[in-house]
Amino acid sequence: MSETKDGDTIPITVEFTGGLEMLFSNQRKHELKLPAKDESEEPANIAFLVRYLCENVMKDPRKDLFVLDDSVRPGILVLINDADWELEGEDMYEIQRRDNILFVSTLHGG
Amino acid sequence: MSETKDGDTIPITVEFTGGLEMLFSNQRKHELKLPAKDESEEPANIAFLVRYLCENVMKDPRKDLFVLDDSVRPGILVLINDADWELEGEDMYEIQRRDNILFVSTLHGG
Amino acid sequence: VMRRSWPLEKAEYKRYGRQLIMPEIGLQGQLRLKNASVLIVGVGGLGCPAAAYLAGAGVGKIGIIDGDVVEESNLHRQILHSTSRVGMSKVESAMVFLSSLNPNVQLTPHPSRLTPETAIPTMKDYDLVLDCTDTPASRYLISDTCILLSKPLVSASALRIDGQLVVLNNPPLPPGDPKGGPCYRCVFPKPPPPESVVSCGDGGILGPVVGVMGVLQALEALKVLTRTPEPPSLTIFSAHANPMFRTIRLRSRKPKCAACSSSATVTAEALTSGSLDYVQFCGAVNPVEAL
Amino acid sequence: VMRRSWPLEKAEYKRYGRQLIMPEIGLQGQLRLKNASVLIVGVGGLGCPAAAYLAGAGVGKIGIIDGDVVEESNLHRQILHSTSRVGMSKVESAMVFLSSLNPNVQLTPHPSRLTPETAIPTMKDYDLVLDCTDTPASRYLISDTCILLSKPLVSASALRIDGQLVVLNNPPLPPGDPKGGPCYRCVFPKPPPPESVVSCGDGGILGPVVGVMGVLQALEALKVLTRTPEPPSLTIFSAHANPMFRTIRLRSRKPKCAACSSSATVTAEALTSGSLDYVQFCGAVNPVEAL
Ligand SMILES: [Zn+2]
Ligand SMILES: [Zn+2]
């Protein structure tokens, strides 16, 4: 996946908050060059981004704290340019250049 | 000033907060089409915007609560796309399409 | 019957003067607050500041529900309590503070945990509910009950240096009405896996972080009581991020939501009969401590 | 000399346990807080919550300065005070609250207004200052003194439904060093015309609005005491705006600033001799009430 040509990547910002950053090397903000096409040569969407993050960015072995059944686990909100992904088409949303994708883990403490 | 051709205006957002909105019909957010050139046919800058606001948008007669000596009065911060205007060239800054210009009156209460 | 010539007592004009002169509140708004009743579920890190500012503002009736007692480890963030009241029930301790801040407020103590059996009778007499609790199970229970009773809900949470705030079921229209505000299940249809849930006891919490969220709950409560509803949004806070606050546009009601849609399966009967087992639903790692 | 084997008392581990387990604070951070001293100038709407959360967090020494007495019209937002303490000095009332919340904190009362003559001796023994006052004159005086004494300053203000927050002089490098954080005069070189200045008494204030700003001051204070400085920014808050919070990037030190540049005219001599007349400088409409 890292062998795509330079023109074939999309620059995006991915952010983690609510404790999820601990699964991603304790880094809240990641500037990424995401491959423009997924494994089936379809335009990269959120589902592909989640797989890509698991395989290429996440060092923590506890993948189940981020994904479940090939999708983001319950209790994580996905926000595309500061809007709930439900407003944008959920994991079918096709990622655009300079999109900001924010993963928020719900908190329960008080 | 309202007779410029349509292509000769710049769409911008002007916002007022900290009490300044009371001088502008109690409206915090104004979507404006600012003439692209000032009275001397120079590109519109912040100094021109301030004059334009005084003459065309501000209904309140107490102009001295907004301007003093042809500039924004002391105690008002001007923010261009969420940065202090001192970082951008103060009132000489040339306004760009879709700029967000925020006028904040300092508060002193506690 | 003689009509009173002044809608507020003389001392109330004095006490609330700084709010009364604001066009955003005014006499009208102050009377709405005086006639309102708010239930605060949990007087911990969130509930303490929320209760203080709502009592200060002159909300007429405030109910407080909590089953815990004050511990020394609470005091860095639960600022209504005090060292000499360690061991007292949190509800009783909060009553001491709130009645000395504003004796005009009618306080109702509920010194026990909210359960599916007690939720409807406890919550039904209030206009508005604040979720200041700390488990997923209690959050689903409170949201479901608010839908069943048509109450708006101000929900906040905090952990370590992060916080979240959302106003739910506002406007509080009947289940099936898509114009009502979303509920907790619309936003989180499935509970998080129990191993992903971290409490403040386990993960830690910085006092001003949960404090900010609690004060914002009080503010949202005042807005719900005095203004028209705004589109649903989630405020997320992170003390070391820049900017610290971020506001997210949320979805409207989910067409198939288990609680607030026309095909809802959460009913008053299911709730009170105990057939909705929230601890089971949330799969608590340690069910004894949950809810 | 025998070295103690534990850097904190047993009761402190218990009390601060929820902070100690966080990597952002830890034992190191807690010890920094314990060894720190913070001066809170003004225990009104901002100072009350700021003082409560700093005392809760275990800041070792807290000084409180205020010349006012508690009034009934304060209580909707100044939640440290209470109805039975109306008429007591605010400093004394705050001491009652804070010592009962956390008896480990060493409290120093300064029951009088800060003046140009008293500013340096009052502020010199503290590590950090919180400006929780309510006039332009006091804001310039506190900022100037912080520059002269090389103290970082956490400044907040509020009116009606709006609030502002800024950390100044952080890092607190000597005047003339452009790497130091900007001061109040860098951001506001000239005072506002007096007719544009509105107090909370005249304009009104919503309790949770000033409350949020005060809690955020406590948070910024904890960050100054335990973390490296961040680039200067101004947080602006407006309760009815969407989003409610906005963060603005601020300028660095102004090369010709009257207080913090190499050509500064604000000196310790000028301050203590009374030649800097802040009330005059700010042109108070009603000088008796200013400062
Ligand atoms: Zn729902
Ligand atoms: Zn300066």
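Values below: every heavy atom of this structure, side chains too, minus hydrogens, waters and symmetry copies. Small disclaimer: the values here were computed from a predicted structure and weren't measured. Lettering of chains follows the sequences in order, A, B, ..., and the numbering in each one begins at 1.
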Problem - Heavy-atom contact with chain D under 4.5 Å, split by part of C:Ala11 - result: both
Exercise for the section: Against chain C, label D:Leu101 side chain, backbone, both or neither, depending on which of its atoms sit under 4.5 Å from a heavy atom there. Expected result: both
Exercise for the section: Taking atom types as modelled, find out whether D:Ser100 and C:Arg85 have a side-chain donor-acceptor pair closer than 3.5 angstrom. Expected result: no
Exercise for the section: Measure distances from C:Arg246 to the heavy atoms of chain D and classify the residue's part below 4.5 Å as side chain, backbone, both or neither. Expected result: neither
Problem - Any donor-acceptor N/O pair, D:Ser73 side chain to C:Gly17 backbone, under 3.5 Å - result: no
Completion exercise
Partner of C:Arg160 under side chain to side chain contact (heavy atoms under 4.5 Å, CB included), picked from D:Met22, D:Arg18, D:Gln19, is D:Met22
Problem - Engaged part of C:Gln217 at the chain D interface, taking heavy atoms whose separation is under 4.5 Å - result: neither
Handout entry: Part of D:Leu222 within contact of chain C (heavy atom distance under 4.5 Å)
Key = side chain
Handout entry: Contact summary for D:Pro208 and C:Val215, nearest pair of heavy atoms
Key = O-CG1, 3.3 Å
Completion exercise
Scored by heavy-atom pairs under 4.5 Å with chain C, the best of D:Ala50, D:Ser84, D:Ala57, D:Gly211 is D:Gly211
Practice task
Search all heavy atoms of C:Gly201 against all heavy atoms of D:Ile21 and return the closest pair with its distance.
Solution key: O-CD1, 3.4 Å
Problem - Which atoms of C:Ile25 approach chain D - backbone, side chain, both or neither, heavy atom under 4.5 Å - result: side chain
Handout entry: Contact leader toward chain D among C:Asn102, C:Thr235, C:Ile161, where contacts are heavy-atom pairs under 4.5 Å
Key = C:Ile161
Practice task
Counting only heavy atoms closer than 4.5 Å, note whether D:Glu71 contacts chain C via side chain, backbone, both or neither.
Solution key: neither
Completion exercise
Honestly, the part of C:Ala218 sitting under 4.5 Å from a heavy atom of chain D is both
Exercise for the section: Quick one: which of C:Thr247, C:Val212, C:Thr83 has the most heavy-atom pairs under 4.5 Å with chain D, could you say? Expected result: C:Thr83
Practice task
Return the option, out of C:Met244, C:Met213, C:Gln78, C:Arg227, with the maximum number of heavy-atom pairs under 4.5 Å with chain D.
Solution key: C:Arg227
Completion exercise
Correct closest heavy-atom pair for C:Pro49 and D:Tyr53 would be CG-OH, 3.5 Å
Problem - Note, D:Tyr16 side chain near C:Leu75 side chain (heavy atom, < 4.5 Å) - result: no
Practice task
Please look at D:Asp202 and chain C and tell me whether the side chain, the backbone, both or neither of the residue comes under 4.5 angstrom of a heavy atom of that chain.
Solution key: backbone
Handout entry: Under 4.5 Å from a heavy atom of chain C, the part of D:Lys223 involved
Key = side chain
Practice task
For the residue pair D:Phe97 and C:Phe97, categorise the inter-ring angle as parallel (less than 30°), tilted (30 to 60°) or perpendicular (more than 60°).
Solution key: perpendicular
